[in-house]
Participant: 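Have a look at this one.
Every chain is numbered from 1, with letters handed out A, B, ... down the list of sequences. Any value given below was found using the heavy atoms of this structure, including those in side chains, with hydrogens, waters and symmetry copies removed.
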Amino acid sequence: MRLHDLTRAMINGSTTGPAPGVDRDMSNAMPPRALPLLDNDNTAYWTGGANAELLIHRCSDCGYYVHPPVNFCPDCEGRKVAPHPVSGKGTVETFTVVHQQWVPGLKVPYVLALVTIAEQDGVRLAGNIVNCEPEEVSFGMPVKVLFEQNEDVWVPLFEPDPDAGAA
Amino acid sequence: MDQRYPEKNCAITGIGQSEVSRGATKSALELTVDAALEAIADAGLSRADIDGIATWPGASDVTTGFSPVGIPSLQDALRLKLGWYCGGGEMPGQYGAVFEAIGAIAANLCNNVLIFRTVYEATARKASFANSLLRAGTRAQGMFSWYAPYYNYAAAMQQALFFNRYVHESGIKPEQQAQIAINQRRNASLNPKAIYRTPITLDDYFNGRIIATPLRIFDCDLPCDGATAIIVSRMDIARDLPNPPIRIEAVGTNMHYRNEWTQLDALATQAQPAVAEMMWSRTDLKPKDVRLAQLYDGFSFHTINWLENFGFCKRFEAGDFIADGKRIALEGELPLNTSGGALSAGRLHAYGAVHEACTQMWSRAGERQVAGEPDVCATSTAGGPLAGAMLLVRD
Ligand SMILES: [Zn+2]
């Protein structure tokens with residue numbers, strides 16, 4: 001992403017109205033997901049779902065999870081940080097129920113959330129909360145990961161975790 | 001002057017603002033020239049006196065209108081001879097350009113710095129959807145790629161994640177939140193240059209559609225076309241100019257938090273508490289000395305966050321502080337975003353706020369003038385992990 005996109009998104013205000021360039025798809029399919037460019041650091045995260053694994057970089061020396069991933073541990077300064085399968089369980093740290101139909105075909109409302117992984121406080125993963133009604137999502141709600149393949153990316157999503165009991 | 005704090009040796013000496021509209025008849029560069037010439041004249045200076053320029057975030061090749069004009073275009077249009085210039089985006093918010101200018105003046109690189117910010121978003125949005133995360137045929141890179149696949153079309157959604165956590169932790173009531181938008185619309189009704197000037201009621205606010213919880217449409221700022229310019233001068237020069245110098249009493253510029261949008265340490269408060277603490281550490285003044293607040297309002301919740309982070313009220317008590325809006329009204333103890341701000345006057349992106357601060361401190365605000373010749377103003381920029389803060393004092 002170019003700098004102007006970054007700064008624009010960072011300090012943005014309201015942005016409303018449909019996208020002129022988007023086809024008016026009359027089917028029920030959601031619009032395509034925007035996908036990340038894969039690189040050395042993030043490929044494990046975005047493709048672990050091919051083996052049904054949520055892979056988070058972890059320090060081999062001290063066990064600290066480093067996310068977003070980079071081969072440096074800010075805790076012990078170790079340089080052996082590698083992808084490590086985690087449980088895929090977590091809790092909803094925060095969320096928003098989106099009502100604005102930003103582009104044609106977008107089914108609203110839907111939920112965008114930040115999920116804290118069960119293994120380490122402060123490691124937060126963005127995702128949609130699916131397989132429940134938006135009004136059922138709450139702060140601290142236990143969730144578990146599932147994956148949706150889009151091209152060469154297995155997008156992590158989250159759904160209520162029945163094993164965790166009621167939040 | 002305390003040599004540890006070079007900002008105190010710098011003052012705003014003139015301000016300028018182009019026409020502000022939902023669709024300019026002039027080019028973005030001409031709007032910028034209009035603002036710059038007005039500011040230079042207001043300061044009692046001429047083009048030959050301007051020897052520095054600073055801006056945030058610099059020109060981009062965008063179709064979004066976010067920042068269409070940069071320093072090279074303006075320098076050439078005005079044929080300025082500069083000792084120093086600086087424009088860029090990786091700074092402590094929009095006021096980063098002011099902080100850079102303070103350093104340049106302290107380093108004796110220049111004496112009178114023209115600082116500007118131009119937006120052309122109203123016109124741009126007539127042609128294209130300003131969507132940073134979904135661009136046909138490209139893939140997302142960098143920090144925002146972590147959000148990209150999740151139908152994340154706008155800053156409203158990214159920031160709603162922070163704001164909803166704030167609502168959860170603070171218990172602020174929707175009718176308290178609403179007073180930010182209602183108060184600013186009332187202020188805008190007294191500002192001839194504001195874009196939306198019809199006052200709104202609580203019912204109007206709740207009839208506004210929900211964008212992403214907890215944001216309704218009136219909580220979101222208003223894209224516009226316009227340019228703002230200010231002149232920052234060294235204090236010994238400022239004292240000989242026509243306007244009473246508006247001294248930069250203190251600045252807050254730090255980055256102590258994780259500057260990553262999904263990993264913010266302080267979700268509910270955003271990365272602002274440490275910035276405000278730094279600002280207060282550089283002055284003997286206290287929150288109770290502030291007569292006027294022009295707080296960033298890309299969304300109403302930024303303003304709510306800043307009320308707490310500056311210490312005008314305790315953490316998570318902004319709702320009760322705002323209450324029915326009387327305290328933040330023009331007649332209240334802390335008049336807030338007195339031009340109508342970005343929510344109603346137009347998204348001039350923090351430079352509307354500093355322009356209004358000076359307008360009030362020079363008693364030029366007409367019907368919306370705050371009584372008692374306010375002489376201390378707190379002002380801030382940006383949300384998310386970005387933040388910058390300034391305390392302005394009229395000499
Ligand atoms: Zn380690």
Participant: Measuring only between side-chain heavy atoms, which start at C-beta, is B/Arg165 closer than 4.5 Å to A/Glu93?
Facilitator: yes
Participant: Given side chains that start at C-beta, do those of A/Asn128 and B/Tyr151 come closer than 4.5 Å, heavy atoms only?
Facilitator: yes
Participant: Considering only heavy atoms and a distance below 4.5 Å, find which of A/Pro109, A/Ala113, A/Pro68 pairs most often with chain B.
Facilitator: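 Result: the option with the highest number of such pairs is A/Pro68.
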Participant: Report yes if the side chains of B/Thr213 and A/His99 come closer than 4.5 Å at any heavy-atom pair, otherwise no.
Facilitator: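 Yes, at least one pair of side-chain atoms sits under 4.5 Å.
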Participant: Counting C-beta onward and ignoring hydrogens, is there a side-chain heavy-atom pair between B/Leu215 and A/Thr96 closer than 4.5 Å?
Facilitator: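 No, their side chains stay 4.5 Å or more apart.
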Participant: Report the C-alpha separation of A/Phe95 and B/Asn164 in whole Å, then their side-chain angles, then the decisive distance to 0.1 Å, and conclude whether the side-chain contact (heavy atoms from CB on, under 4.5 Å) test is met.
Facilitator: CA-CA 7 Å; A/Phe95 68 99; B/Asn164 216 22; 4.0 Å; yes
Participant: Run the side-chain contact (heavy atoms from CB on, under 4.5 Å) check on A/Val98 and B/Ile210 step by step: do they pass?
Facilitator: CA-CA 8 Å; A/Val98 180; B/Ile210 299 172; over 6 Å; no
Participant: List the atom of B/Ser145, the atom of A/Trp46, and the distance in Å for their closest heavy-atom pair.
Facilitator: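 Distance-wise, the nearest heavy atoms are O-CZ2, 3.7 Å.
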Participant: Does A/Asn150 have more than 12 heavy atoms from other residues, nucleotides or ligands lying within 6.0 Å of its CG?
Facilitator: yes
Participant: Is the number of heavy atoms from other residues, nucleotides or ligands under 6.0 Å of A/Glu135 CD greater than 12?
Facilitator: yes
Participant: May I ask you to test the B/Glu260-A/His67 pair for a side-chain heavy-atom distance under 4.5 Å?
Facilitator: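 When only atoms from C-beta onward are counted, A/His67 and B/Glu260 do not touch, as no gap falls below 4.5 Å.
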Participant: With a 4.5 angstrom heavy-atom cut-off, is it the side chain or the backbone of B/Asp219 that approaches chain A, or both, or neither?
Facilitator: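 Neither part; nothing is under 4.5 Å.
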Participant: Hey, are the side chains of A/Pro36 and B/Trp146 touching, using non-hydrogen atoms and a 4.5 Å cut-off?
Facilitator: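 No, too far: nothing below the 4.5 Å cut-off.
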Participant: Taking all atoms of both residues into account, what is the closest heavy-atom pair of A/Arg33 and B/Pro149, and its distance?
Facilitator: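 Shortest heavy-atom contact: NH1-O, 2.9 Å.
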Participant: Evaluate side-chain contact (heavy atoms from CB on, under 4.5 Å) for A/Arg124 paired with B/Leu267, printing each intermediate quantity in order.
Facilitator: CA-CA 11 Å; A/Arg124 301 200 196 106; B/Leu267 271 189; 3.9 Å; yes
Participant: Please work out which of the three classes, parallel, tilted or perpendicular, describes the rings of A/Phe139 and B/His168, given edges at 30° and 60°.
Facilitator: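 If you compare the ring of B/His168 with that of A/Phe139, the planes turn out parallel.
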Participant: Identify the two heavy atoms, one from B/Leu161 and one from A/Leu114, that lie closest to each other, and give their separation to 0.1 Å.
Facilitator: CD1-CG, 3.9 Å
Participant: I'd like to verify something: which residue of B/Ala268, B/Pro214, B/Ala160 has the highest number of heavy-atom pairs under 4.5 Å with chain A?
Facilitator: B/Ala160
Participant: Using heavy-atom distances under 4.5 Å, tell me whether A/Val108 contacts chain B through its side chain, its backbone, both, or neither.
Facilitator: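 It is neither, since no heavy atom gets under 4.5 Å.
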Participant: Please determine if A/Asp39 and B/Arg139 form a salt bridge, counting it only when a charged side-chain N lies under 4.0 Å from a carboxylate O.
Facilitator: no
Participant: Could you tell me which non-hydrogen atom of A/Pro156 sits nearest to which non-hydrogen atom of B/Tyr150, and how far apart they are?
Facilitator: O-OH, 2.7 Å
Participant: Got a second to check how far A/Trp102's CH2 is from B/Asn152's CG, nearest 0.5 Å?
Facilitator: 9.5 Å
Participant: Does any part of the side chain of B/Thr262, heavy atoms only, come nearer than 4.5 Å to the side chain of A/Leu125, both counted from C-beta?
Facilitator: no
Participant: Does the side chain of A/Leu106 reach to within under 4.5 Å of the side chain of B/Tyr153, using non-hydrogen atoms?
Facilitator: yes
